Amino acid sequence: MTQPEPDATPVLALEEVSKSFGAVRALRGVSLRLYAGEAHALAGENGAGKSTLIKALAGVHRPDTGTVLLDGSPVEFHGPADARDAGVAVIYQEPTLFPDLSVAENIFVGRQPTRSFGRVDHRAVKQAAADLFARLGVDLDPEQPARGLSIADQQLVEIAKALSFDARVLIMDEPTAALTGSEVSRLFGVVRTLREQGAAVLFISHRLEEIFELCQRVTTLRDGTWISSEPLAGLTEDDLVRRMVGRDLDELYPKQETETGEAALTVRRLTREGVFTDVSFEVRRGEIVGLAGLVGAGRSEVARAVFGVDRWDGGEVEVLGRKLKPGAPSLAMAAGLALVPEDRRAQGLVMDMSIERNIGLTGFAETTRAGLMNRRAERDRAVDWAVKLQVKYARLADVVGTLSGGNQQKVVLAKWLATAPQVLIVDEPTRGIDVGTKAEVHRLLSSLAAEGVAVLMISSDLPEILGMADRVLVMHEGRLAAEIPRAEATEETVMAAATGRAARGRDAA
Amino acid sequence: MTDTTTKATARRGPGGAVRWDTAVGALFVVLLLCSFSFVDNFGNALNVSFLIGNTLPIALIALPMTLLVVSGEVDLSVGSTAGLSGAVMGALWNEGMSIETIIPLCLLLGVVCGLINGLLVTRLGLPSLAVTIGTMAAYRGIAQIILGSDSVTDFPSQYLDFGAGRIGDTFIPYAALPFLVLLAIAVVVLHATPVGRSLFAIGASEEAARFAGIRVKRLKLSMFVTTGLLSALTGVFWALHYASARYDNATGLELSVIAAVLLGGIDFDGGKGTLGGAIAGVFLLGTLQNVMSLLNVSAQSQIVVTGVLLVVSVLAPRVGRQIAQSRARRKATAVPLRPPAATS
Amino acid sequence: MTTTAEPVRSAPVSRTAGARTFIDKMFKARELAVLAVLVVMLGATQIYNGEFLSEQGIKDLLLNATILALVATGQAVVVITRNVDLSVGSVLGISAFAAGNWLNGGGSPLLAVLLAVALGALFGLLNGALVSLGKVPALVVTLGTLYIIRGIDSIWVGSRQITADALPEGFVGFGHDGIWAVPYLALLALVVLLAVGYYLRSYRSGRDLYALGSSPEAARLAGVPVRGRIMTAYLLCGALAGLAGALYLARFGNVDSATGNGYELTVVSAVVVGGVAFTGGSGSVYGAALGAVLLTSINSVLPAIGVSSVWVTAINGILLLLAIAVDRILALRVAAVLRKKAAQMRSARHD
Amino acid sequence: GGTTKNDTDKKSGSAVTGKADANAETKKGLKIAFLPKQVNNPYFTIADTAGKKAVEELGSTYQEVGTSSGTDTSGQVSYVNTLTQQQVNAIAVSAQDPGALCTALKQAMKNGVSVVTYDSDTKTDCRQVFVSQASAEDLGRTQVQQLAKQIGGKGEIAILSAAQTATNQNTWIDFMKEELKKPEYKDIKLVKVAYGDDDAQKSFQQTQGLLQEYPDLKGIISPTTVGIKAAAQYLSGSKYKGKVKLTGLGTPNDMRAYVKNGTVDAFELWDPNKLGELAARTAVALQSGQITGAEGQTFKAGGMGTYTIGKDGVVSLGKPTVFDAKNIDQYKF
Ligand SMILES: Nc1ncnc2c1ncn2[C@@H]1O[C@H](COP(=O)(O)OP(=O)(O)OP(=O)(O)O)[C@@H](O)[C@H]1O
Ligand SMILES: Nc1ncnc2c1ncn2[C@@H]1O[C@H](COP(=O)(O)OP(=O)(O)OP(=O)(O)O)[C@@H](O)[C@H]1O
Ligand SMILES: [Mg+2]
Ligand SMILES: [Mg+2]
């Protein structure tokens with residue numbers, strides 16, 4: 001399986017590295033070599049150990065056994081600082097910004113340009129950040145505080161930070177999960193330049209086409225073990241999937257034909273000042289409605305307002321004929337509404353609580369007897385759904401924060417599907433989920449719709465929207481810009497509406 | 001990520017090692033046994049009843065405080081609320097009102113105090129630490145205005161007896177009975193009802209709790225109100241137990257409660273802890289003070305011991321964990337390959 | 001997602017730029033608000049009582065604020081790192097006595113001050129070590145050291161006390177003399193405040209403290225030497241509490257084993273009023289110092305306008321509540337205005 | 001219905017029963033415990049050390065316990081309980097609160113412990129004898145007389161007290177007000193009573209406030225050692241030094257610097273040594289059965305002479321001493 005590798009010494013390498021967390025053996029004897037001027041992909045299902053491998057490379061985790069080699073000689077990184085000083089820049093899977101610091105300071109923490117007597121040169125910091133953003137083609141104000149940035153913007157800041165190192169090794173753990181097309185291509189452009197200048201790149205993504213577009217070589221992990229390392233040339237996506245999953249995959253967007261019934265969710269002229277205006281739509285039973293738009297278009301905000309987490313200033317929301325009160329999620333839930341939020345770490349899960357308790361949070365009505373918790377019922381409910389969604393865990397009592405990103409996402413889904421909702425709003429339901437599970441989630445959404453559930457799906461993954469939705473709503477700058485039936489929905493029509501060129505587009509056509 | 005691991009293992013310890021609240025409970029039992037056998041005058045019923053009676057105010061407030069802290073908030077005004085309720089009790093008594101009317105009024109006052117704290121925290125979104133530092137001064141000040149320099153001592157003897165007396169010649173003070181009932185209620189609420197589950201969720205991540213449809217503000221508000229109510233009850237008890245209603249009753253009680261609750265392993269970041277631990281912490285400190293006094297340990301040295309105990313209580317689990325981890329790391333190399341536990 | 005190469009972002013320039021300067025202004029305004037409240041309060045008192053802002057009056061106000069401002073400065077630094085130091089009162093007490101004891105034994109005043117600072121720094125280091133090496137909650141640890149240091153202090157001091165006649169003339173004079181209405185103590189505190197403020201703003205390690213408080217996990221990943229920085233913050237806080245102890249001695253000329261008892265709550269109040277958030281990462285030492293001045297001034301204003309001291313505690317508490325509530329309401333208003341602005345900008349683009 | 005204040009039967013009078021034999025032999029080997037308001041308080045340390053000397057001289061053992069805060073009433077109660085448990089023979093206590101200690105002290109007396117209060121009394125039925133530092137009347141009136149002399153019998157004066165609840169302070173202040181009603185003080189006006197809570201910083205600021213509010217203030221009486229010290233420190237560093245007179249109760253050690261630098265002309269205090277000694281001797285006398293605490297009983301207090309128990313079981317130490325620049329160096333406490 002191993003094809004001849006370049007003769008040169010790898011810039012950074014892992015040899016036979018193992019790492020366990022208690023009973024979980026996240027990595028077992030994995031080796032990986034990164035060469036100058038080469039982009040290396042890391043593929044594997046959720047929980048395969050990709051992020052753990054990266055953290056071992058970056059000095060966040062100390063391997064239990066095995067060595068890290070820098071330019072061929074063993075090194076021991078005692079912390080992220082050591083790795084950074086050795087020229088390794090890392091973008092972690094979950095953005096780790098300082099909410100109170102400005103974007104520019106976030107990028108240069110600990111490395112700010114200085115003036116005489118070691119004083120920080122604030123102007124230079126700002127300028128350097130602005131330059132980085134220009135290079136990435138991103139329009140962010142360097143002096144804006146990081147608090148309140150959308151996930152996508154946060155990820156962009158992380159990318160800018162990693163680039164600012166001019167590192168010899170650039171490691172990126174799912175940097176594109178929250179990004180849309182043009183940002184991704186900009187990023188790839190910059191990364192290619194770096195690579196051509198001699199940097200080694202390690203790249204993780206669950207979007208296989210990105211791997212093929214950017215990388216030359218791929219290493220596959222399964223359940224913490226090394227499966228293969230090989231050049232990408234000559235491989236197909238199916239080959240890669242087979243290596244990751246160990247079997248062939250089913251159809252990716254398994255859309256079932258369903259009959260649509262009465263309107264289950266009706267939103268009329270919903271307005272939240274400064275965020276979105278005059279949003280009206282309805283979702284019928286058995287229907288999957290896609291909600292598309294650019295990053296920052298306000299889709300998540302609409303979802304949050306409908307569910308009642310945010311208040312709305314005007315308009316009304318009806319679920320199965322029942323009017324909802326603004327700002328009351330518990331009433332919305334009682335009416336049969338469920339929302340799978342976009343930020344699983346902050347909104348979807350209580351990271352310090354166990355899997356069981358997290359799933360249980362939405363089901364007190366079912367799991368209490370005479371006002372007291374029924375442990376058995378609570379457990380059964382959690383097990384049922386964790387198994388149904390194939391969450392990979394050791395014990396139900398494990399803290400959710402120790403699961404891999406994709407498995408966390410599954411727990412969020414489990415938590416909400418367990419409420420047997422009539423109307424399900426999913427916000428980026430497959431962000432960070434591997435191809436196998438993604439298909440699983442899609443099948444699940446399809447069958448839910450077939451059972452008569454009304455589904456509103458927000459996604460930045462356009463193929464997903466196009467593959468799954470019966471109708472596509474497109475938002476642009478806080479307003480509903482277009483409603484496109486499935487037959488007419490293509491990348492062109494949706495993007496045209498999303499970028500505000502809908503009218504012009506139609507004129508031209 | 002590693003941060004969550006450490007947090008997670010903090011309570012359970014690697015490989016299901018001893019939890020901190022269990023450890024405090026065990027420590028308490030050991031202390032009791034040692035005191036019974038080796039400390040003169042400790043074991044007799046009168047002393048034990050003194051010990052319980054003097055610890056009751058702290059224990060009473062520790063109940064709602066634990067719930068509040070689990071939900072990620074804190075109330076520093078408990079001592080002042082108790083003082084205020086005592087002061088009002090004294091003032092109304094001096095006015096000639098009947099004690100049977102006064103006590104419910106005082107409890108109502110406690111509810112109002114808690115409501116003010118709760119509304120400021122939940123409606124205005126202010127940090128509870130800041131709010132209750134403010135109300136701590138405000139309530140105490142109002143108590144001072146109401147009762148001034150008076151010290152009311154002539155409460156009816158049957159009430160005073162209830163506050164200070166014990167059942168026959170046993171070691172059980174009368175007041176311990178209602179406390180046991182309240183304790184049972186609190187344990188059930190925190191550990192076996194949706195309310196308790198929700199409090200833990202709110203404390204660990206308020207936003208996630210809100211997204212799960214938990215009525216965060218209402219729950220928090222009701223916790224503040226409960227804390228106010230029980231603080232007022234403590235104030236009434238205090239005035240009867242010490243047969244003295246003064247504006248400065250129960251000064252500094254908040255620190256004692258917090259120290260005890262912390263010792264019991266309740267995490268002030270919210271989301272962690274058990275009532276058993278908190279109560280064990282309360283009585284551990286109370287017993288320790290009693291024993292040290294009997295052994296003629298000076299007040300100054302007692303302060304040092306309390307402080308050391310607090311520091312050790314947070315350091316010990318941490319050190320233990322590190323030792324266990326390094327041992328586990330050594331072992332990991334020797335363990336044979338085993339497929340990971342998966343679901344299906 | 002490689003298909004579209006459209007300009008994807010919807011022109012967010014205006015989204016941020018316009019709002020930012022406004023936020024920036026508001027941010028500074030938090031401190032300005034405290035300042036404004038202070039000025040109004042002092043002005044009103046002066047109108048009511050002409051003696052209030054006499055030379056002696058101003059001197060008294062400044063002197064009263066000095067010690068609290070110093071300790072609050074140190075505390076703010078710790079709070080910015082998302083920690084807290086409850087032991088400041090005990091540290092102040094024990095360093096004051098140490099300095100007094102030294103002077104009593106005929107030592108030089110300068111060395112006495114240095115001794116107090118060193119002792120404070122030592123305890124700061126102890127706190128910092130316990131918090132950062134043990135990675136344990138600062139609240140518990142420093143509540144513990146609050147008791148421990150207080151206990152050691154009372155065992156060491158016993159019933160002894162340092163009185164004014166044990167102190168050199170010059171040292172006591174330093175405690176209340178000054179240049180016109182500005183006491184030396186206040187000048188010293190101001191210098192320290194400016195130095196610490198400048199350090200926090202303009203040095204990498206200072207910025208690290210903000211980063212650390214803003215997100216400890218991110219700081220670790222960014223390679224910020226977390227332990228070292230936390231130690232620095234506690235060291236600074238301890239040293240300033242020690243310095244405050246020496247100044248306390250100079251000012252009050254009297255120290256016993258209860259000196260500084262319960263001071264931590266006052267300090268924490270000052271920091272809170274000054275707008276330093278307990279969640280870390282925001283606020284400034286200037287705010288904390290202003291908070292200290294505001295709090296101590298209230299205690300001078302009330303007697304000066306003849307409010308009976310019976311009312312002082314209650315009024316103090318209510319004013320503290322008002323201060324934080326007004327601050328919060330202001331912040332909410334600003335957020336609302338920002339949102340409106342953003343909306344207007346958006347609809348402007350739609351037209 | 002319900003129980004109101006009027007329903008409770010008023011019991012009063014001291015807790016005295018049994019007969020005394022003035023010639024009974026002084027018992028030895030007793031355990032005598034001192035429970036001051038606050039340990040580590042210099043004033044109480046002086047008193048208790050003298051008490052210790054007396055106790056040991058009489059062949060008994062001495063023990064001091066107490067809280068480190070002066071307002072920790074519950075702490076004081078639990079110390080009384082502990083002492084009862086330890087079966088000491090007598091407790092000499094300075095009560096933080098007149099009522100709060102009652103239950104515990106009565107329990108102690110029931111268990112055969114003799115209870116003497118000193119410096120600060122409880123309700124009369126909760127102890128056998130109160131050893132008073134000087135009659136409250138004397139103290140109140142002489143302080144006014146002192147200040148009147150210093151300010152030339154004319155002008156505004158104020159009082160800086162300790163806590164608003166301090167019983168002894170309040171009694172003295174009442175007598176001061178009585179004294180001021182006399183015609184020779186008609187030109188003196190008491191403008192305010194301020195409370196510094198026996199806290200240096202608060203007393204400081206209260207003094208400032210008094211001076212700002214009453215710019216014509218001529219004098220201050222501070223009948224508390226902490227208060228007078230703080231006020232003196234403030235005055236000595238301000239423009240009011242020597243212009244505003246200060247008197248009250250203070251210890252010579254505390255006040256020496258201010259008397260010498262001219263801030264304070266004269267102040268007064270009883271001798272805390274004597275107070276402690278008398279408390280100790282009273283306790284032993286009680287245990288020996290020489291007295292029971294009833295009015296009119298007399299006992300010999302070693303070198304201090306013979307004392308008679310007054311109304312409500314009060315024994316009075318005598319007139320306070322006035323300290324000024326001339327005599328202050330003779331006193332070292
Ligand atoms: N800090 C931790 N404590 C305990 N277990 C952990 C920890 N970090 C990771 N794991 C476990 O290690 C395994 C590998 O996780 P990792 O995050 O490396 O997966 P991944 O390949 O990055 O998955 P994804 O694609 O979902 O991000 C998982 O089973 C996870 O639960
Ligand atoms: N807390 C906040 N305060 C002010 N503005 C906010 C806040 N949160 C979000 N916004 C703004 O609201 C708009 C829409 O938010 P958001 O980015 O979540 O939309 P979205 O369409 O869901 O995009 P995404 O693809 O990121 O999910 C953006 O302009 C964002 O900057
Ligand atoms: Mg991952
Ligand atoms: Mg979104």
Side-chain angles (χ1 to χ4, degrees), chain B residues 40-42 44 46-47 49-51 53-55 57 93-102 144 147-161 163-165 238-239 241-253 286 289-290 292-294 296-300 302-303, chain D residues 1-12 33 38-40 63-87 95-107 111 122-123 126 161 163-167 169-170 173 193 195 197:
Chain B
D40 285 348
N41 300 318
F42 178 82
N44 67 58
L46 185 64
N47 184 57
S49 78
F50 283 158
L51 159 60
N54 290 340
T55 315
W93 177 250
N94 276 347
E95 291 293 310
M97 199 181 264
S98 88
I99 189 102
E100 288 80 7
T101 324
I102 294 176
Q144 192 177 359
L147 196 58
S149 57
D150 260 4
S151 162
V152 183
T153 56
D154 53 352
F155 295 112
S157 53
Q158 66 271 33
Y159 283 84
L160 293 179
D161 288 346
W238 187 289
H241 184 71
Y242 295 117
S244 162
R246 306 202 318 182
Y247 84 86
D248 61 354
N249 271 3
T251 301
L253 193 64
Q289 263 158 22
N290 180 283
M292 287 194 293
S293 298
L294 282 175
N296 288 332
V297 177
S298 74
Q300 301 93 296
Q302 292 192 19
I303 299 180
Chain D
T3 325
T4 65
K5 193 178 175 81
N6 303 328
D7 303 345
T8 46
D9 46 336
K10 291 269 173 4
K11 281 177 292 187
S12 62
Q38 184 183 21
V39 292
N40 276 353
Q63 160 187 10
E64 185 199 33
V65 293
T67 60
S68 49
S69 145
T71 52
D72 180 9
T73 316
S74 62
Q76 225 183 8
V77 169
S78 62
Y79 272 113
V80 173
N81 289 340
T82 307
L83 291 172
T84 312
Q85 279 309 304
Q86 291 175 331
Q87 290 155 6
Q96 288 180 1
D97 177 284
L101 292 170
C102 276
T103 320
L105 286 178
K106 282 178 183 166
Q107 188 121 32
N111 283 306
T122 60
K123 291 197 291 182
C126 312
S161 176
Q164 213 193 351
T165 47
T167 349
Q169 299 273 327
N170 290 336
I173 292 173
V193 180
Y195 298 94
D197 287 346

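Quick caveat: nothing in here was measured; it's all calculated off a predicted structure. Numbers restart at 1 for each chain; the letters A, B, ... are given by sequence-line order, proteins then strands.
Neither the backbone nor the side chain of D/Glu64 comes within contact range of chain B, judged by heavy atoms closer than 4.5 Å. Using a 4.5 Å cut-off between heavy atoms, D/Tyr79 touches chain B through its side chain atoms alone. Both the backbone and the side chain of B/Asn47 come within less than 4.5 Å of a heavy atom in chain D. Heavy atoms closer than 4.5 Å to chain B are found in both the backbone and the side chain of D/Asp97. Only the side chain of B/Tyr247 comes within contact range of chain D, judged by heavy atoms closer than 4.5 Å. Only the side chain of D/Thr103 comes within contact range of chain B, with heavy atoms under 4.5 Å apart. For a residue to count as touching a neighbouring chain, one of its non-hydrogen atoms must lie under 4.5 Å from one of that chain's; by this rule D/Asn40 touches chain B with the side chain only. Contacts of D/Gln96 with chain B are made by backbone atoms alone, with heavy-atom separations under 4.5 Å and no side-chain atom involved. If you measure heavy-atom distances from B/Gln302 to chain D, the contacts under 4.5 Å come from the side chain alone. Using a 4.5 Å cut-off between heavy atoms, B/Gln289 makes no contact with chain D at all. Heavy-atom distances place the side chain of B/Ser151, and not its backbone, under 4.5 Å from chain D. Both the backbone and the side chain of B/Ala243 come within contact range of chain D, each with at least one heavy atom under 4.5 Å from a heavy atom of that chain. In this structure, the portions of D/Ser78 lying under 4.5 Å from any heavy atom of chain B include both its backbone and its side chain.
Taking CD of B/Glu100 as the reference point, atom OG1 of D/Thr4 lies at 9.0 Å (rounded to 0.5 Å).
The two residues B/Arg246 and D/Pro98 have their closest heavy-atom pair at NH1-CD, 4.5 Å. B/Asn44 and D/Gln85 get closest at one heavy-atom pair: ND2-OE1, 2.7 Å.
B/Phe50 places a side-chain heavy atom less than 4.5 Å from the side chain of D/Gln107. In this structure the side chain of B/His241 never reaches within 4.5 angstrom of the side chain of D/Val77, judged on heavy atoms. At least one side-chain heavy atom of D/Ser68 sits under 4.5 Å from a side-chain heavy atom of B/Ile303.
Comparing B/Ala239, B/Ala245, B/Gly148, B/Gly163 by how many heavy-atom pairs each has under 4.5 Å with chain D, the most go to B/Gly148. Put simply, of B/Asn290, B/Asn249, B/Asn94, B/Leu253, the one with the most heavy-atom pairs under 4.5 Å next to chain D is B/Asn94. Counting heavy-atom pairs closer than 4.5 Å to chain D, the top residue among B/Leu46, B/Thr251, B/Asp248, B/Asp40 is B/Leu46. Residue with the most contacts toward chain B among D/Leu101, D/Leu83, D/Asn81: D/Asn81 (heavy-atom pairs, distance under 4.5 Å).
Test B/Asn296, B/Leu294, B/Leu51 against D/Thr82 for side-chain contact (heavy atoms from CB on, under 4.5 Å) and you get one pass: B/Leu294.
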